[in-house]
Colleague: 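Before we start, here is the structure in question, set down as structure tokens.
If you read the sequence from its start, that first residue is 1, and numbering goes on from there. Side-chain atoms are counted along with the backbone in the values below, which use heavy atoms only and exclude waters and symmetry mates. All ligand and atom numbering here is 1-based and tracks the order in the structure.
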Amino acid sequence: MSLPFNIAIDGFSSCGKSTIAKSIAYKYKMRYVDTGAMYRAVTLYFMKKNIIVDKIVDFDLLLNSLNSISINFNYNSGTKNSETFLNGVNVENEIRGIDVSNNVSIISQVKQVREKLIAWQQEIGRHKNVVMDGRDIGTKVFPEAKIKLFVTARLEIRAKRRHDELIKNGNNISFNEVKKNINDRDMYDINRTVNPLKQAKDAILFDNSDLSINDQNALIEDLINNIR
Ligand code: DC
């Protein structure tokens with residue numbers, strides 16, 4: 001069973017949006033798109049080209065090189081994950097590291113970057129049956145989405161989940177560094193002038209601080225079944 005509409009999932013950093021989105025995509029045979037991965041991949045490109053150095057951006061170079069970037073997602077049947085490719089190269093691990101995390105908020109504030117990525121995202125969603133997660137999906141990318149969730153969880157809990165994941169993937173990083181990065185990114189997301197993170201008027205607020213993944217999945221399934 002696939003769904004003839006799009007689902008928008010927004011919320012704070014590391015609140016489990018992608019876990020929710022992936023489980024919906026699996027259950028309803030929808031396409032899952034992680035827009036954070038797009039912002040991360042673009043950021044990595046600018047870092048590699050020295051277009052952002054020490055958090056200072058060369059805007060002329062950035063604008064000139066926007067059209068040289070292509071991003072694709074390919075499903076890895078081994079890991080059962082969609083992986084991000086930047087100009088044909090698999091960057092899935094690299095874009096999750098702390099260096100990209102520390103620069104992505106700056107790049108995602110640039111209006112022209114957002115316009116380009118939003119146009120790609122809207123094109124992907126044109127035929128519906130897409131579940132997309134990010135910060136502005138319900139407000140800007142798919143304002144017409146039939147189901148919109150705005151996900152949150154307490155900062156300590158989000159930082160712990162993210163820290164555990166980074167350690168599991170072999171990163172050597174302290175809990176406090178992760179917590180600071182998450183909090184800083186939240187502040188950038190809420191306060192930026194272009195498409196800030198905010199709950200769409202018709203989005204359902206979903207706090208998963210005290211929910212297990214199974215309870216969360218069950219609640220979301222009920223919710224979708226009630227709405228569709
Ligand atoms: O979902 P994430 O934490 O991987 O996203 C990385 C960054 O990208 C996040 O700090 C804010 C930005 N982002 C955004 O501005 N708009 C989106 N739709 C998705 C992510």
Colleague: Let me know which protein residues bring a heavy atom to under 4.0 Å of ligand 1; chain then number is fine for ordering.
Modeller: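 These residues qualify: Thr35, Gly36, Tyr39, Arg40, Val104, Ser108, Arg114, Gly134, Arg135, Asp136, Arg185, Asp189, Arg192.
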Colleague: Kindly determine whether Asn195 and Ile118 satisfy side chain to side chain contact (heavy atoms under 4.5 Å, CB included), including the steps that lead there.
Modeller: CA-CA 11 Å; Asn195 312 347; Ile118 288 172; 3.2 Å; yes
Colleague: Among all residues two or more places apart in sequence or in another chain, which pass the side-chain contact (heavy atoms from CB on, under 4.5 Å) test with Asn87?
Modeller: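 Checked Asn87 against side-chain contact (heavy atoms from CB on, under 4.5 Å); matches are Tyr45, Ser70.
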Colleague: Inspect the contact between Lys168 and Asp164 and indicate whether a charged nitrogen and a carboxylate oxygen are less than 4.0 angstrom apart.
Modeller: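 No salt bridge links Asp164 with Lys168.
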Colleague: Would you check if the side chain of Gln216 reaches a backbone N or O of Leu211 as a donor-acceptor pair within less than 3.5 Å?
Modeller: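 Flag not set: sc Gln216 to bb Leu211 has no pair under 3.5 Å.
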Colleague: Is there a side-chain contact between Leu149 and Ile20, using heavy atoms and a 4.5 Å cut-off?
Modeller: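 Result yes, sub-4.5 Å side-chain heavy-atom pair found.
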Colleague: For the salt bridge (Lys or Arg N to Asp or Glu O under 4.0 Å) test, which of Lys17, Arg96, Arg135 pairs with Asp34?
Modeller: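 The salt bridge (Lys or Arg N to Asp or Glu O under 4.0 Å) with Asp34 is passed solely by Arg96 among Lys17, Arg96, Arg135.
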